[in-house]
There are 2 protein chains.
Amino acid sequence: MAHDRVTLADVAHRAGLSKTTVSLVLNGREGTRLSAEAHQRVFAAAEELGYRPNVAARSLRTRKTATIAFVSDIVATTRFAGGMIRGALDAAREHDHVLLIAETQGDATFEKHAIDAMLDRQVDGVIYAAMATRRLTVPAALHAGPVVLLNATSADGLPCVLPDDERGGRTAATALLSQGHRDRIAVIGRNQLKETDPEVSLAADARLNGIRAALADVGAKLLRAASCPEWLPEHGYTAMRSLLRRAVRPTAVVCMNDRLAFGAYQALADAGLIVPDDISVVSFDDDPIAAWLRPGLSTVALPHETMGRRAVDLLLDGQTTGTTLVPMSLRRRRSVAAPA
Amino acid sequence: MAHDRVTLADVAHRAGLSKTTVSLVLNGREGTRLSAEAHQRVFAAAEELGYRPNVAARSLRTRKTATIAFVSDIVATTRFAGGMIRGALDAAREHDHVLLIAETQGDATFEKHAIDAMLDRQVDGVIYAAMATRRLTVPAALHAGPVVLLNATSADGLPCVLPDDERGGRTAATALLSQGHRDRIAVIGRNQLKETDPEVSLAADARLNGIRAALADVGAKLLRAASCPEWLPEHGYTAMRSLLRRAVRPTAVVCMNDRLAFGAYQALADAGLIVPDDISVVSFDDDPIAAWLRPGLSTVALPHETMGRRAVDLLLDGQTTGTTLVPMSLRRRRSVAAPA
DNA sequence: CTGTTAGCGCTTTCAC
DNA sequence: GTGAAAGCGCTAACAG
């Protein structure tokens, strides 16, 4: 790449000025009163030659590369959270920065190589992202410079951005309450491990708390909560079936994520039940599938894109601490209605 | 980042040798017989100080950055093709390279900025990726150095990697033929625009040709092919319904992608028909949803990960021309069975 | 076998 | 107002 790129010296020569002058002008330095004519000449020459600065050379002096590292455990390539990258990319562009990405795949060796590779390239900071919202411990090498955690927290109080799952939980429950559901609301997707181990998930516990809090606010409580070993469609299917077998059926369920809800839909269909006439469903994430389901699934969206943006904003603003909670909002579709 | 990094000079000082020697040793240069002891001293010093080379500085001399640009129209953040990045990332890591990513979002201004930004950082080459398999025209700026097209072709014969959709089409049809389907196979997802405009899609036409060729091989032809304005679930739904209304029903359908198949499943369920007992379904892409459907959807997978790998391999091998076709293989699930 | 010297392209004192 | 010169950290000729 960059075969015989035009250099600053070329521009200076063409403009009949020194490199210093050209540099000053091109960087729009204040306070240094260069003649209007010099400005003209410099711009003209740069334009004619198609000059573009060599970032590597520049960064050697300035120690800034306008490059941010985005390292994730696995998120980068997952359908689920491409949104985080997209948001980061957008924000980076707005700040004239660029993203270097790497994935550790949860492998310590890969992680070390990845981080070294980024640091060797003198990135201005790193965004360390996790696929599942959770607590993690940041590799020591990263403490050398600015870091912000994305979709994760750490014990050492690094700045981080997280979805506001607790309020999200309230939002989900409220969507049901406001339609008149109250004492026959069930949850699908309780999970001991996710709820108790913050290194596995921060979302499960927060969502559940939010749901319960919203119910408590109106003096109601959960009819039942079905456990699921994982949050996959098949588990949602099984959980819904078991819910339907009981004497008192829920009028509405909140699924801990959209994949569970997908499974729940299948169980409902098998039972000849109609959503939302017989049972309302609300869920979390706003996976693309939520829009494809019939009827469309109302779900509290994970604000991936915004989260990604925030992460780079924090990094570039030099925020060095604190948690940023990004609100989750309800995507209303047709899966929620008043109880029969 | 990189606050007070150890430099080559520091290592040289510590080892009591010159920078040259240290550089030579650390880069494992052949042909230069430095004493074993010098090697020892250098390695020891580098190790003790935790020396890491400054890539920016090095690249200023060598004109190599070990960095590849991955620019895409929109693919980077799409659930659909994260696999391409993942593959590229893996291959890059194996070659000790790193990926700089950018998204143009189909906007010419963004594209220009993105490409300039990458070029300014002296990337060694660029991978230009498209979300939909199609023909496109490469921005002139890219012709300055190595480029490979990913999931796209261009008129100017740049090296490119594409999925082998035509053979994929044969594979899909063969999956049905081998179960005994023959004269009552229908297609869902014909699309005039996609089939005729290579700038929109290369896949539609190729898949269809493959399907027809496989049928022709056994002297059969398509029962019917339903058109869809887009390849979305709702269109699959509608198409399937119209297929079912006709006097002679297909025993099997091949959907042009998994989302159409998803819609088709819904229509089948509404009609009280069972997959695969009443009708077999096969499709393309291997979207995550294919595994979640009940029964699991047999689909010809888009080899995104392999494609990503190939792209960086080609780039790094200095391949400057030619089309690389990556085979698509059938993911067998439960949606295909012998006709009733 | 090893060290000196000269840049790569840029920014930045500091003189003029 | 503008330019000369030094130097960021590294590699590559070229001596010794």
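Letters A, B, ... mirror the listed sequences (proteins, then strands); counts begin at 1.
The separation between L119(A) atom CG and dG9(D) atom P is 15 Å, rounded to whole Å. In this structure, the NZ atom of K19(B) is 12 Å from the C1' atom of dA12(D), given to the nearest Å. Protein atom CG of L8(A) is 19 Å distant from nucleotide atom P of dA6(D), rounded to whole Å. Distance, H13(B) NE2 to dG3(C) P: 13 Å, rounded to whole Å. Between the C1' atom of dG3(C) and the CZ atom of R41(B) lies a distance of 13 Å, rounded to the nearest Å. Computed from coordinates, the D120(B) CG to dG9(C) C1' distance equals 13 Å when rounded to whole Å. At whole-Å resolution of the value, NZ in K64(B) and P in dT11(D) are 15 Å apart. Atom CG of L24(A) and atom P of dC10(C) are 14 Å apart (whole Å).
Near DNA chain D, defined here as any heavy-atom distance below 4.0 Å, the residues from residues 48-61 of chain A are L60(A), R61(A), listed numerically.
Backbone-only engagement by T62(A) is indicated by non-hydrogen atom pairs under 4.0 Å involving sugar-phosphate atoms exclusively.
Ring pair H95(A)/H97(A) is perpendicular by interplanar angle, where above 60° counts as perpendicular and below 30° as parallel.
With no hydrogens or angles considered, no side-chain donor-acceptor pair links R121(A) and T67(A) at under 3.5 Å. No donor-acceptor contact under 3.5 angstrom links the side chains of T20(B) and S23(B), judged on distance only. A donor-acceptor contact closer than 3.5 angstrom is absent between the side chains of Q319(A) and D313(A).
Judged by distance alone, with hydrogens and angles left aside, the side-chain atoms of T65(B) form a donor-acceptor pair with the main-chain N or O of Q122(B) at under 3.5 Å.
Using a 4.0 Å cut-off, no side-chain N or O of S23(A) falls inside it from OP1 or OP2 of dC10(C). Distances shorter than 4.0 Å separate some side-chain N or O of R63(A) from OP1 or OP2 on dG9(D). For dA12(D), neither phosphate oxygen OP1 nor OP2 lies less than 4.0 angstrom from any side-chain nitrogen or oxygen of T20(B).
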List the atom pairs, donor and acceptor, that lie under 3.5 Å between side-chain atoms in residues 52-60 of chain B and the rest of the protein, sequence neighbours left out.
unit_1: R52(B); atom_1: NH1; unit_2: D120(A); atom_2: OD1; d: 3.2
unit_1: R52(B); atom_1: NH1; unit_2: D120(A); atom_2: OD2; d: 2.4
unit_1: N54(B); atom_1: OD1; unit_2: A56(B); atom_2: N; d: 2.9
unit_1: N54(B); atom_1: OD1; unit_2: A57(B); atom_2: N; d: 3.0
unit_1: S59(B); atom_1: OG; unit_2: V55(B); atom_2: O; d: 3.2
unit_1: S59(B); atom_1: OG; unit_2: A56(B); atom_2: O; d: 2.9

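When the nucleotides dC10(C), dG9(C), dG3(C) are ranked by their closest atom to the side chain of L17(B), dG3(C) comes out on top.
Both G16(B) and A9(A) lie near DNA chain C, and the one whose nearest nucleotide falls closer to the 5' end is G16(B).
A donor and an acceptor atom never sit less than 3.5 Å apart when one is taken from the side chain of S18(B) and the other from the base of dT4(C).
Between R309(A) and E94(A), at least one side-chain N (NZ, or NE/NH1/NH2) sits under 4.0 Å from a carboxylate O, which counts as a salt bridge. With salt bridges taken as basic N to acidic carboxylate O contacts below 4.0 Å, none links R14(B) and D10(B).
Taking a pair as Watson-Crick or G-U wobble with both distances under 3.5 Å, DNA chain C forms stems of 3 or more consecutive pairs at C:1-16 with D:1-16.
To the nearest 0.5 Å, atoms CG (N151(B)) and CE (M84(B)) are separated by 4.5 Å.
Using a 4.5 Å heavy-atom threshold, the side chains of L17(A) and V25(A) count as separate.
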